[in-house]
Amino acid sequence: MRRAIAAGATVPPDAALLADVAVRLEAAATPRLTRVVNATGVVLHTNLGRALLAEAAIDAMTLAARAPVNLEYDLLTGRRGERDALVLEDLRALTGAEAGLVVNNNAAAVLLAVAALAGGREVLVSRGELVEIGGSFRMPDVMVLSGARLREVGTTNRTHADDYRNAVGPDTGLLVKVHTSNYRIVGFTAEVTLADLVAIGRAADVPVLDDLGSGALVDLTAFGLPAEPVVRERIAAGADLVSFSGDKLLGGPQVGIVVGRRALVERLAAHPLRRALRATRSGSRPSPRRSGSTGTRPT
């Protein structure tokens with residue numbers, strides 16, 4: 001307004017100026033988030049938030065927002081606890097894995113796993129699985145940021161088990177399989193199954209990370225929906241680590257989950273990046289039960 005007046009504009013009446021100020025103040029005080037109607041045709045549209053929460057989960061979040069809770073405090077020992085202990089038993093029951101931890105999204109889960117297990121070493125990934133996820137985040141960029149050296153195997157449309165076998169060497173730190181999720185290559189194609197990749201990893205003593213993206217905890221085909229990889233089945237198939245998104249199908253704040261072999265999860269938990277990538281405070285069930293071990297390190 002001052003610049004306009006200095007340039008020769010007419011000075012507005014006080015009433016008009018005050019009315020404009022009132023409008024601007026009201027807009028500044030209005031919450032940026034507002035309820036909308038999802039008419040996109042996409043049932044779970046992540047641009048409109050995550051999956052809706054059950055009422056019990058909403059109550060738990062309200063409790064955590066209104067009062068101190070035992071987020072990282074063992075009530076039986078009176079010592080500092082571990083936040084992943086709050087969900088460890090559930091993760092084991094849901095996935096059949098030995099251990100697990102929670103970070104702030106699935107990209108962070110992949111970043112932490114690659115950094116902890118293959119930092120400064122090679123990571124083998126099929127060229128056809130180097131996906132770009134939402135917001136223009138590309139899987140190769142995430143892996144490179146971990147400090148590992150990405151090595152592509154196979155071609156865009158066809159990757160064979162021998163491509164991995166011929167590429168594995170003393171400097172190989174990790175084999176990664178990525179669920180392509182929202183795109184398909186059709187026609188003259190071939191891909192390496194998780195079972196075959198696990199066999200290659202076992203023979204070379206190299207762990208296998210299975211990145212499921214959204215992931216699923218139940219067989220969705222029972223509800224007439226397209227099949228998605230089920231975490232429990234991937235663990236049973238021998239994947240050393242499985243990463244997936246905890247918010248899209250479970251609801252709640254954006255989180256990533258890593259489950260798998262205890263020894264490997266412990267390495268992720270001990271890595272310096274873990275604290276930077278861990279999930280923020282959210283709803284939990286305050287309880288007098290002992291937090292115990294998280295499956296990552298002693299409390």
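Along the sequence shown, the residues carry numbers beginning at 1.
Here the closest non-hydrogen pair linking Thr159 and Gly154 is OG1-CA, 3.6 Å. Considering all non-hydrogen atoms of both residues, Ala113 and Leu209 come closest at CB-CD2, 4.0 Å. Between Val259 and Ala97, the closest heavy-atom pair is CB-CB, 3.6 Å. Between Ala115 and Leu273, the shortest heavy-atom distance links the atoms CB-CD1, 3.8 Å. A pairwise comparison of heavy atoms in Ala118 and Ala148 identifies O-CB, 3.3 Å as the closest pair. Considering all non-hydrogen atoms of both residues, Ala167 and Arg151 come closest at O-NH1, 3.2 Å.
Side-chain atoms of Asn166 come within 3.5 Å of backbone atoms of Asp162 as a donor-acceptor pair (strictly under, hydrogens ignored). Distance alone, capped at 3.5 Å, is enough to place a donor-acceptor pair between the Glu98 side chain and the Arg262 backbone. In terms of modelled atom types and a separation under 3.5 Å, the side chain of Tyr164 and the main chain of Leu197 share no donor-acceptor contact. The closest donor-acceptor contact from the side chain of Asn106 to the backbone of Phe244 lies under 3.5 Å.
With a 4.5 Å cut-off on side-chain heavy atoms, Val125 and Val153 do not count as touching. Residues Thr155 and Asp163 fail the side-chain proximity criterion, which asks for heavy atoms closer than 4.5 Å. Leu174 has its side chain within reach of Val114: a pair of non-hydrogen atoms, C-beta onward, lies under 4.5 Å apart. Between Asn105 and Leu277 there is no side-chain heavy-atom pair separated by less than 4.5 Å. Looking only at side-chain heavy atoms (C-beta outward), Val208 and Leu241 stay at 4.5 Å or farther from each other. A 4.5 Å side-chain heavy-atom check between Val176 and Leu124 finds every atom pair outside the cut-off. Within the 4.5 Å cutoff, the side chain of Val242 has no heavy atoms near those of the Val258 side chain. Met61 has its side chain within reach of Leu53: a pair of non-hydrogen atoms, C-beta onward, lies under 4.5 Å apart.
With rounding to the nearest 0.5 angstrom, the CD1 atom of Ile235 is 5.5 Å from the OG1 atom of Thr95. Here Leu150 contributes atom CG and Leu145 contributes atom CG; the two are 11.5 Å apart, rounded to the nearest 0.5 Å. For the atom pair CG (Asp205) and OG1 (Thr172), the distance works out to 11.5 Å, reported to the nearest 0.5 Å. Between atom CG of residue Leu175 and atom CZ of residue Arg202 there is a gap of 10.5 Å, rounded to the nearest 0.5 Å. In this structure, Arg158 CZ and Ser126 OG are separated by 11.5 Å, a value rounded to the nearest 0.5 Å. Atom CG of Asp90 is separated from atom CG of Leu217 by 11.0 Å, given to the nearest 0.5 angstrom.
Crowding of Leu33 atom CG: a count of heavy atoms from other residues, nucleotides or ligands under 6.0 Å not exceeding 12.
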query: Passes side chain to side chain contact (heavy atoms under 4.5 Å, CB included), Val255 versus Val103? Steps please.
result: CA-CA 6 Å; Val255 295; Val103 291; over 6 Å; no

- request: Assess whether salt bridge (Lys or Arg N to Asp or Glu O under 4.0 Å) is satisfied between Arg79 and Glu72, documenting all intermediate values.
  value: CA-CA 9 Å; Arg79 297 177 180 176; Glu72 289 185 341; over 6 Å; no

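Looking at Arg138 and Asp141, no side-chain N of the basic residue comes within less than 4.0 Å of a carboxylate O on the acidic one, giving no salt bridge. The pair Arg261-Asp240 meets the salt-bridge criterion, since a charged nitrogen lies less than 4.0 angstrom from a carboxylate oxygen. A salt bridge does not link Arg234 with Asp211: none of the charged nitrogens is closer than 4.0 Å to a carboxylate oxygen. Salt-bridge check for Asp84 with Arg274: passed, with a basic side-chain N closer than 4.0 Å to an acidic carboxylate O. The pair Lys177-Glu191 meets the salt-bridge criterion, since a charged nitrogen lies less than 4.0 angstrom from a carboxylate oxygen.
Clustering ILVMFWY residues whenever any of their side-chain heavy atoms sit less than 4.5 angstrom apart, transitively, puts Val144 in a cluster other than the one holding Leu111. Note: the hydrophobic cluster containing Val21 does not contain Met1 (ILVMFWY, side chain heavy atoms under 4.5 Å, direct or indirect links). The cluster map of Ile, Leu, Val, Met, Phe, Trp and Tyr, joined by side-chain heavy atoms under 4.5 Å apart, puts Leu130 and Val178 in the same cluster. Each of Val206 and Leu117 belongs to its own hydrophobic cluster when Ile, Leu, Val, Met, Phe, Trp and Tyr are linked at side-chain heavy-atom distances under 4.5 angstrom. Residues Leu268 and Val123 share a single hydrophobic cluster, defined by chaining ILVMFWY side chains whose heavy atoms lie under 4.5 Å apart.
Checked options Leu112, Leu88, Leu91; the residue passing with Leu101 is Leu112 (criterion: side-chain contact (heavy atoms from CB on, under 4.5 Å)). Each of Val192, Asp196, Val198 was scored for a side-chain contact (heavy atoms from CB on, under 4.5 Å) with Leu194, with one residue passing: Val198.
The closest side-chain donor-acceptor pair between Thr189 and Asn157, if any, does not fall under 3.5 angstrom. Side chains of Asp59 and Thr62: a donor-acceptor N/O pair is absent below 3.5 angstrom, by distance only. For the residue pair His179/Glu129, the side-chain donor-acceptor check at 3.5 Å is not satisfied.
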